[in-house]
2 protein chains.
Amino acid sequence: MTDKAFAHTDPTDLHPDIAELKPFLNPTGVAVIGATASPEKLGFGLTRNLINSEYGGGIHLVNPKGGEILGRPVFPDIESVPDPVDLAVVLVPARFVAETIADCGRRGIKSIIIASGGFKEVGEEGLELEHEILRVAQEWGCRLIGPNCVGLIHTHVPLDTTFLSPREMKPGSVAFVSQSGAICAAVVDWSTGQGFGLSALISLGNQVDVTESEALELVAADPHTRVITVYLEGVSDGRAFVREISRVSRHKPIIALKVGRSEAGGRAVASHTGALAGQDAVYEAAFRRNGILRAQTTEELFAWARALANSPLPRGRRVAILTNAGGPAVAAMDAISAEELLPAVFSEKTRTALQARLHPAANTQNPVDMLAAAGPRDYAECLSIIMQDDGVDGVLVIMPPPPMYAAEDVASAIIPIIRQGDKPVLVVPMGEERIRDAVRRFRAAGVSEYRFPERAVTAMSVLAKRAEFLSNGHLRILDCSLDSKSIETILDDNKSNEGFLDLTTASAIIAAAGIPIARTRPADSSEDAVRIALEEGLPVAMKISSRHVVHKSDVGGLALNLASETDVSRAFADLSTVTAGIPQNQSQICVQKMVPGGLELVVGAVRDPQFGPVVMFGTGGTNVESMNDVVFGLAPLSEEDLDDMFSSTYGGKQLIGPRSLYRGGLDGVRETLCRLGQLMDEYPAVAEIEINPLIVPPKSNEAIAVDARVKLRTTE
Amino acid sequence: MTDKAFAHTDPTDLHPDIAELKPFLNPTGVAVIGATASPEKLGFGLTRNLINSEYGGGIHLVNPKGGEILGRPVFPDIESVPDPVDLAVVLVPARFVAETIADCGRRGIKSIIIASGGFKEVGEEGLELEHEILRVAQEWGCRLIGPNCVGLIHTHVPLDTTFLSPREMKPGSVAFVSQSGAICAAVVDWSTGQGFGLSALISLGNQVDVTESEALELVAADPHTRVITVYLEGVSDGRAFVREISRVSRHKPIIALKVGRSEAGGRAVASHTGALAGQDAVYEAAFRRNGILRAQTTEELFAWARALANSPLPRGRRVAILTNAGGPAVAAMDAISAEELLPAVFSEKTRTALQARLHPAANTQNPVDMLAAAGPRDYAECLSIIMQDDGVDGVLVIMPPPPMYAAEDVASAIIPIIRQGDKPVLVVPMGEERIRDAVRRFRAAGVSEYRFPERAVTAMSVLAKRAEFLSNGHLRILDCSLDSKSIETILDDNKSNEGFLDLTTASAIIAAAGIPIARTRPADSSEDAVRIALEEGLPVAMKISSRHVVHKSDVGGLALNLASETDVSRAFADLSTVTAGIPQNQSQICVQKMVPGGLELVVGAVRDPQFGPVVMFGTGGTNVESMNDVVFGLAPLSEEDLDDMFSSTYGGKQLIGPRSLYRGGLDGVRETLCRLGQLMDEYPAVAEIEINPLIVPPKSNEAIAVDARVKLRTTE
């Protein structure tokens, strides 16, 4: 494993503005404002940690009481602190923080960590204090991390500005950026206990100023950081976040644990699209698009980070297993299949070499089972043989406690082979006590080890995904030309119509966007309806259009398959009883040529408060919410987005299935989604669109919008 | 936590035959045949372990060489061994095993563990030896565990007949039954390292005689065993297995890790049902039906076992969280939602009590965040308050390393409260080094602890599932009356027709089973086709029926929506060109009234070689395999099976959705599935059935079979 394997981590085009944040991670001198000698206070912990961290620059303690702490003099104020100093850590009561920031600004210190609590998290009064400190900071050109944060660690400087309780810190290559302060103590402890080691840790606190996006850039620019992990509860500006991560993630892998998945989205729910566009679905889209590896659990976050920090990336998905134990290898093969990795198939040469080496009853096909008696030399030599096979992209070594040998001797035998190879090898020492020394050796050597085979397989899968993301080119954003003149005319005509448009107008916008929609015409009378029906050709559908009716079929506002003049007249009469209950001029009865049955999809678009326009795709019909088979993509969509959206939904699978009757409609659906995204992207006046159903008739080449809702908003 | 919480584990109606296996776990004396003093041999390890286990009965070492091992005399043969002795452990070369069994039988020893390898696992010759040892064992009325097994452990007797390397064993209440010998060493090590402790371990080896079903019964009858874990690669007799587990699982929870999910099923693939009825889908059905908790990974197997061994069961799904850390609690809430548990809502009394206890900025709603400074007393008192709330069924205590206190002091403060309560409390000490002592205390006290909040939530979910399984009554098996006279007549008429029947005959069987099927009539000529079409009413569908054609639509063997006489004639001509390629009298051209479009489902049934008749349900149409949206149930089906089958498939969700256009067809689909299961159950001559599509038209009360395939087999 050479440094070349990590060549992709060279940060050549990081944001230049990030330079002003450099003192946070690499200060020339640090002032602790609020240092104290009382051991039960956080200000003492902070002072102690900073001194213990062996930070090489000046450490200046400030407290109006003066005196001495841990044998160091205390300055009465920041003004008395000598140069060089460019970072202040503030732990004074909330009401004094604004003043302290001003003092720092005056003293020329522009980077300030506010560890103090008592702000937004305690209510209205705290929120006002928070506005105040931001105002003061901006006045003095200072940047703030916090308030209400745990602080910041850089193990290579070294630097520790946290008040976490004392502990050993192992320098490493995994950075951790967190919106939760509480988890930081556990992460520091895990990083040591699990043997991966952190490069840097940033606790963001209430994020009054420096955001998660800036913190990501800051750690990405750090040469000691190979992998970035982030614990997110939300982002302050979704589009900025996407911009940063798309820049950073090509250089260094980002693994995100986004919590708060179960929280309901905060927006009004007037359509399926609105109801289903929970924050989480949109984060999913943003992550997918930018190659962010999304961990589902805290456990995965660090299991994956260890693999990415230690291992070269595989060239493909073909995984070999080497073991002395059949059972766990079967479990690993199951996991390989579940993760869509591939079992490697050995060359004849590999099999011959293994056969020559092993007992005749051993299995020399993948998974290689050397039998229970296998010792260190067997492991080492077979691993070498397997790694030389061009058909192998990565290897799992699964080792339950060997009955005849010490696990640590197996570890010592295979570590050099793993370190010298250019393929990822993940090791699974199974057990606890009896493999403890083996685990210690693997960790010391920077070999990723996992207690269970299935966990190692998910880590291998993450390595493969990372490699694939890097080998893919940039996104191919789709471009469809819209009939901008017609769209603008309709939007102009409806400038004052904030809210949902009537069906006729909505249909006109959809059509102007270039999406085929079954023509819909309003009828004034029964006779008018019959005339239109005959012009369009029987059978027809009739429906009411009104902003007061969300689900037409629930209120009897929909009549299908009307095949005769009598049917049309009767339907008009029936629908009139429904519209009679709606304020005058706020409903229409519309006639539409009946579209034959087919695959019913839903497509839509909405503006996410964080991420801007997003497009939805999934199973349509009357049952959209309970099916909940939808997926989102950020507009404008790319080819890659569309492929992902189709393959991750049942509706999409029905469309793309190799023997699907609906496959002919695929291009039409692609284009519809693309056009929807572009409409949202180009016309800020459009707030929300939903087409449900979008019907793909069997064995056709079409995708036809049958019903549509469009909502406008006023824009200045 | 009193013993009452485990009252459900009293094994009152276990199988009486199991008595003959008792000496395996509770022998009166043990003979080791193949004992040796050479420390590098497995026979030495076995002898050493048995002696070290402090087994209280007689330990008799046998080796023709005689002498002494570890200070004990060695008998030259089994005949010389004094009474009492009723268990032999055999570790002699494979070719001497049969003779040794005969010797044991002659000596009156009927329970024999064959640890020797060199049987089926090494090939044909070994397989013959295996048949031979079974024959000899049956001749002498002996029961065998193995060959090629690791042996057996009972920590409470105590007894250890394995040759695993020496280690500490912690007596516990989790039994482990394994078809993999290799994993046993790791499991023994985990059980000590993770602090749960085993009651018994049985390594089954090649299972020439005693099966996994018998081993399950054996450990279930053991009073020290509260939870049974099992590592399965396959079962020897599926129906016997189902019978045993359904008996056992009402008394003691069984958690199964079934590996080999990715292996292809072994049967011929001539229909979708056949192709999709992989072994794994059928295991899934058997497990679901019998309340077997299926772990997806080795890690889950023991994470769940610990919770079930230690904790009382919850009365419902409402979970409260107590923590000093907001972030991890949000991650836990996500997991609660993902596992379909419910966040508990506190009573006014609880909130008032918490408010009185905690800092004003603390969150006294669920999840309770006591803030970072919370200490042991805060944890203990708040936990007491929460556990007294009737709206709380279980509690998670999430504790990152507290900044101001030692985690072990928090542990000591809350352990008595957890032990005294009658609700499950799972604890999450987060970190590694800094929570090590806390973890030790929790383990010593029998409190289940997990390193990550998400893992603890899945364990809580398993407790809830177990409680629900126990509170459900027995399965309500459905019964539909079939027209047995017609079915028998058709089967009699086609006795010699092994293989797939023509469509007309297949349709007749389906109809006789009481399943509505669109009438299908063969046409001899173009004129005949037109006549039938007019009789049935236009439009019609026409299709070829032949055992030589599996996918009609692929070969142009299907014509839909024929609305005129001309269309029908032309279709007959087109289809004739297809049938021209098929041997004479082996195809038909059929005419069927066109069924309108609707929800397309697939239903089918097949005979699983292990589990007998199973019924399939899922998304139908031309795209069945690539959608792979199917689920299986064991025939005859129960109401519970049907509910599970609908809610676990996309096709089922389209049917049962509250606003579904197809909901009217639900009863029809239920009945169709029930009738299919019963047909398979009652008529062994039916090998396989598939109805695809089964169409549910929108807003109808019907489910109509449109195309069907039926395969017969000869039965004696």
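The chains referred to below are lettered A, B, ... by the order of the sequence lines, with proteins before strands, and numbering in each begins at 1.
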Engineer: Taking all atoms of both residues into account, what is the closest heavy-atom pair of Pro401(B) and Asp189(A), and its distance?
Structural biologist: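 Nearest heavy atoms, Pro401(B) then Asp189(A): CG-OD2, 4.2 Å.
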Engineer: So which heavy atom on Gly260(B) is nearest to which on Val330(A), and how close?
Structural biologist: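 Shortest heavy-atom contact: N-CG1, 3.3 Å.
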Engineer: Under a 3.5 Å cutoff, is there a donor and acceptor pairing between the side chains of Tyr650(B) and Thr619(A)?
Structural biologist: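 Result is yes, a qualifying pair exists.
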Engineer: Give, as side chain, backbone, both or neither, the part of Arg436(B) having an atom under 4.5 angstrom from any heavy atom of chain A.
Structural biologist: neither
Engineer: So, for Ala186(A) and Pro400(B), which heavy atoms are closest and what is the spacing to 0.1 Å?
Structural biologist: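 The answer is CB-CB, 4.4 Å.
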Engineer: Find the one option among Ala332(B), Ala331(B), Ser178(B) whose heavy-atom pairs under 4.5 Å with chain A are most numerous.
Structural biologist: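 Highest number of pairs under 4.5 Å: Ala331(B).
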Engineer: Quick check on the interface: out of Gly45(A), Ser626(A), Pro429(A), who has the most heavy-atom pairs with chain B under 4.5 Å?
Structural biologist: Ser626(A)
Engineer: Please rank Ala182(B), Gly431(B), Gly117(B) by heavy-atom pairs under 4.5 Å with chain A and give me the top one.
Structural biologist: Gly431(B)
Engineer: For the candidates Lys258(B), Glu121(B), Glu432(B), Glu40(B), which exhibits the highest count of non-hydrogen atom pairs separated by less than 4.5 Å from chain A?
Structural biologist: Glu432(B)
Engineer: Who wins among Ser180(B), Gly118(B), Ser660(B) for the most heavy-atom pairs under 4.5 Å with chain A?
Structural biologist: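 Sorted descending by pairs with chain A, the first entry is Ser660(B).
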Engineer: For atom CD of Glu433(A), decide whether the heavy atoms of other residues, nucleotides or ligands shown that lie under 6.0 angstrom number more than 12.
Structural biologist: yes
Engineer: Are Met430(B) and Ile183(A) side-chain neighbours, meaning at least one heavy-atom pair lies under 4.5 Å?
Structural biologist: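 Contact flag for Met430(B)/Ile183(A) side chains = yes.
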Engineer: If you count heavy-atom pairs under 4.5 Å with chain A, which of Gly326(B), Pro658(B), Gly597(B) comes out on top?
Structural biologist: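 With the most close heavy-atom pairs to chain A, the winner is Pro658(B).
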Engineer: Distance check, rounded to the nearest 0.5 Å: Thr298(A) atom OG1 versus Arg451(B) atom CZ?
Structural biologist: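 If we round to the nearest 0.5 Å, Thr298(A):OG1 and Arg451(B):CZ are 12.5 Å apart.
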Engineer: Could you go step by step and tell me if Glu299(B) and Glu299(A) meet the side chain to side chain contact (heavy atoms under 4.5 Å, CB included) rule?
Structural biologist: CA-CA 12 Å; Glu299(B) 208 163 357; Glu299(A) 207 163 358; 3.1 Å; yes
Engineer: What residues form a ring-ring contact (aromatic ring centres under 6.0 Å, His included) with Phe646(B), not counting sequence neighbours?
Structural biologist: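 With sequence neighbours excluded, Phe646(B) shows a ring-ring contact (aromatic ring centres under 6.0 Å, His included) to Phe617(B), given in chain and number order.
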Engineer: Identify which part of Glu454(B) has an atom lying under 4.5 Å from any heavy atom of chain A, answering side chain, backbone, both or neither.
Structural biologist: side chain
Engineer: How far apart are the closest heavy atoms of Gln194(A) and Phe452(B), and which atoms are they?
Structural biologist: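 Between these two residues, the closest heavy atoms are NE2-CZ, 3.8 Å.
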Engineer: So which part of Gln179(B) gets closer than 4.5 Å to some heavy atom of chain A, the side chain, the backbone, both or neither?
Structural biologist: neither
Engineer: Looking at Leu661(B) and Thr622(A), what are the two nearest heavy atoms and their distance?
Structural biologist: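 Smallest interatomic distance, heavy atoms only, reads CG-OG1, 3.5 Å.
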Engineer: At their closest point, which heavy atom of Asn623(B) faces which heavy atom of Lys653(A), and how far apart are they?
Structural biologist: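 Nearest pair, atom of Asn623(B) first, then Lys653(A): ND2-O, 3.5 Å.
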Engineer: List for me each residue that meets side-chain hydrogen bond (donor to acceptor under 3.5 Å, both in side chains) alongside Glu339(B), sequence neighbours excluded, and say none if there are none.
Structural biologist: Ser461(B)
Engineer: Heavy-atom pairs under 4.5 Å with chain A are the metric here; pick the option from Pro328(B), Ala361(B), Ala325(B) that has the most.
Structural biologist: Pro328(B)
Engineer: So for Tyr231(B), is it side chain, backbone, both, or neither that comes closer than 4.5 Å to the heavy atoms of chain A?
Structural biologist: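 Just its side chain gets close to chain A.
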